[in-house]
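Report on the following structure.
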Amino acid sequence: MKIEITEVGPRDGLQSEKVLVPVANKIELIQRAIDAGVKRFEATSFVSPRAIPQLADAEDVMAGVSDAQDVIFQALVPNLRGAERAARTGVHEWVWFLSATQSHSRANSNCSVEDAIARCEPVRDLARAEGKRAVAAIAAAFGCPFEGVTPTAQLLKVAGALVDMGFDEIKLGDTIGTATPSQIRRTVTQLKAAHPDLKLILHLHDTRGMSLANVMTGISVGITRFESSLGGIGGCPFAPGATGNVATEDLVHFLHAENYETGLDFDKLITHGRWLAETLGHPLPARLLSAPPIGATQPLDSAIRAVG
Ligand code: COA
Ligand code: ZN
């Protein structure tokens, strides 16, 4: 069975780096991920550069990667201004995002959930006029740093409003990494029952080490698309305590061990993950950057022996 992975490191990952990453390194990150087999990216965000200075160079990044073949580039678009910027670049899919809770909406989008939904209409209309695909992303879908666990009914209401607006694909963002397997099961099952044709994608953060359990649970209820970041970098700057996404290296290692196909080259991911750590200048959370993969062997001769 094939599992599709969207690489979000260039967007979710780099938005939370403390120092500004040069455009050339961002382009190289995308090119390296393409080399490892990635077919879909969140490449950047066309958001306010005051909100996210790290991604103020969105146009330049897109100019550097747009000639890539057989790759779909997504970018976050928060309003009409962002959509107009994205329309002038090689972005294929616009990711309209909003929050499931009022408090995270205020922090992340400077408006209420209702105003965010209203603000989407011109973006959707421009996407149609430009022939671009628009997908939706719900942040704080499972938990909110200000309001606690997100009630499933509340998430269903926001998702329903997006479906009414014409979205047929929604990313569910576990922004602060508090989703549990039972919550994933309940949420996905109820969403599928309410909207059988809706495509769902899980965007998981590994803040509490539950991301791979949530991936497995997602697969068991029919999810085949996940988002991850090389090295496990990432986090929403407007969600206190947020940390990185599930690492692409760890996700691919796990999925291959469980006999799922991803189309990604694990060894190349490790090479490129190490390059990323060197380029960013700090260790990255991906486990498989320090632990050898399942089945790897060490020479016995060089091992310490418990000689009594
Ligand atoms: N691109 C560039 N500049 C933008 C912009 C965009 N998409 N949207 C707004 N701006 C600029 C405006 O031009 C205005 O600039 P000015 O003061 O120089 O005239 C300023 O930002 C304020 O615009 P306003 O429409 O009042 O926006 P806001 O201050 O209410 O912020 C958002 C709303 C959504 C633009 C902002 O909160 C944002 O960018 N959030 C993104 C958060 C994010 O990416 N989080 C991580 C993902 S989970
Ligand atoms: Zn995220």
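Counting starts at 1 for both ligands and their atoms, following the listed order.
- Regarding atom 15 (O) of ligand 1, its nearest protein heavy-atom neighbour is Arg50 NH2, 3.3 Å.
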*Would Glu261 and Met1 count as a side-chain contact (heavy atoms from CB on, under 4.5 Å) if you check the C-alpha gap in whole Å, the side-chain angles of each, and the deciding distance to 0.1 Å?*
CA-CA 6 Å; Glu261 291 165 32; Met1 187 173 134; over 6 Å; no
*Before giving the answer on side-chain contact (heavy atoms from CB on, under 4.5 Å), spell out for Asp168 and Val163 the whole-Å C-alpha distance, their side-chain angles and the decisive distance to 0.1 Å.*
CA-CA 6 Å; Asp168 63 2; Val163 171; over 6 Å; no
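- For the ring-ring contact (aromatic ring centres under 6.0 Å, His included) condition, the pairs that include at least one residue of residues 19-49, sequence neighbours left out, are Phe41-Phe73.
- For the side-chain hydrogen bond (donor to acceptor under 3.5 Å, both in side chains) test with Ser228, the passing option among Thr248, Asp250, Thr6, Asn245 is Thr248; the others fail.
- Glu28 pairs in a side-chain hydrogen bond (donor to acceptor under 3.5 Å, both in side chains) with only one of the listed residues (Gln31, Lys26, Arg32), which is Arg32.
- Given atom 31 (O) of ligand 1, the protein heavy atom at minimum distance is Asn110 CB, 4.1 Å.
- Nearest protein neighbour of atom 38 (C) of ligand 1, counting heavy atoms only, is Ala51 CB, 3.7 Å.
- The closest protein non-hydrogen atom to atom 39 (O) of ligand 1 is Ser48 N, 2.9 Å.
- Counting heavy atoms closer than 4.0 Å to ligand 1, residue Ile52 contributes side-chain atoms (C-beta onward) but none from N, CA, C or O.
- When the options Asp12, Asp115, Val77, Asn108 are ranked by their closest heavy atom to atom 37 (O) of ligand 1, first place goes to Asn108.
- Protein non-hydrogen atoms do reach within 4.0 Å of atom 3 (N) of ligand 1.
- At a cut-off of 3.5 Å, with distance as the only test, no side-chain donor of Thr271 or Trp275 sits close to an acceptor on the other residue.
- Remark: the Gln102 side chain and the Glu147 side chain contain no N/O donor-acceptor pair separated by less than 3.5 Å.
- Checking atom 21 (O) of ligand 1 against the protein gives a heavy-atom contact under 4.0 Å.
- Here is the list of ligand 1 atoms found below 4.0 Å of a heavy atom in Pro49: 2 (C), 3 (N).
- At the top of the distance list for atom 1 (N) of ligand 1, counting protein heavy atoms only, stands Arg85 NH1, 2.9 Å.
- Defined by atom type and a distance below 3.5 Å, a donor-acceptor pair is present between the side-chain atoms of Asp12 and His203.
- For atom 28 (P) of ligand 1, the nearest protein heavy atom lies closer than 4.0 Å.
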*Could you go through the side chain to side chain donor-acceptor pair (under 3.5 Å) check for Ser112 and Ser105 one step at a time?*
CA-CA 6 Å; Ser112 67; Ser105 184; over 6 Å; no
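- Below 3.5 Å of separation, one finds an N or O of Phe46 facing an N or O of ligand 1.
- Closest to atom 13 (O) of ligand 1, if we only count protein heavy atoms, is Arg81 NH1, 2.7 Å.
- Of all atoms in ligand 1, numbered sequentially from 1 with element shown, those under 4.0 Å from a heavy atom of Arg11 are 47 (C).
- Counting atoms of ligand 1 from 1 in the listed order, those under 4.0 Å from a heavy atom of Ser109 are 33 (C), 34 (C), 37 (O).
- Considering both main-chain and side-chain atoms, Asn79 comes within under 3.5 Å of ligand 1 through a nitrogen or oxygen pair.
- You'll find the ring centres of His253 and Phe266 inside the 6.0 Å limit.
- Protein N/O/S atoms found under 2.8 Å from the Zn ion (ligand 2), listed by chain and residue number: Asp12 OD2, His203 NE2, His205 NE2.
- Note: an N/O pair closer than 3.5 Å links Gly82 and ligand 1 by distance alone.
- Scanning the protein for heavy atoms near atom 46 (C) of ligand 1, the closest one is Gln15 OE1, 3.4 Å.
- Annotation for ligand 1: atoms under 4.0 Å from non-hydrogen atoms of Pro78 are 7 (N), 34 (C).
- Considering backbone and side-chain atoms alike, Arg119 places every N or O at 3.5 Å or more from each N or O of ligand 1.
- Looking only at distances, no side-chain donor or acceptor of Ser45 sits under 3.5 Å from a matching main-chain atom of Val47.
- Exactly one residue among Asn214, Val215, Val221 makes a side-chain contact (heavy atoms from CB on, under 4.5 Å) with Pro181. That residue is Asn214.
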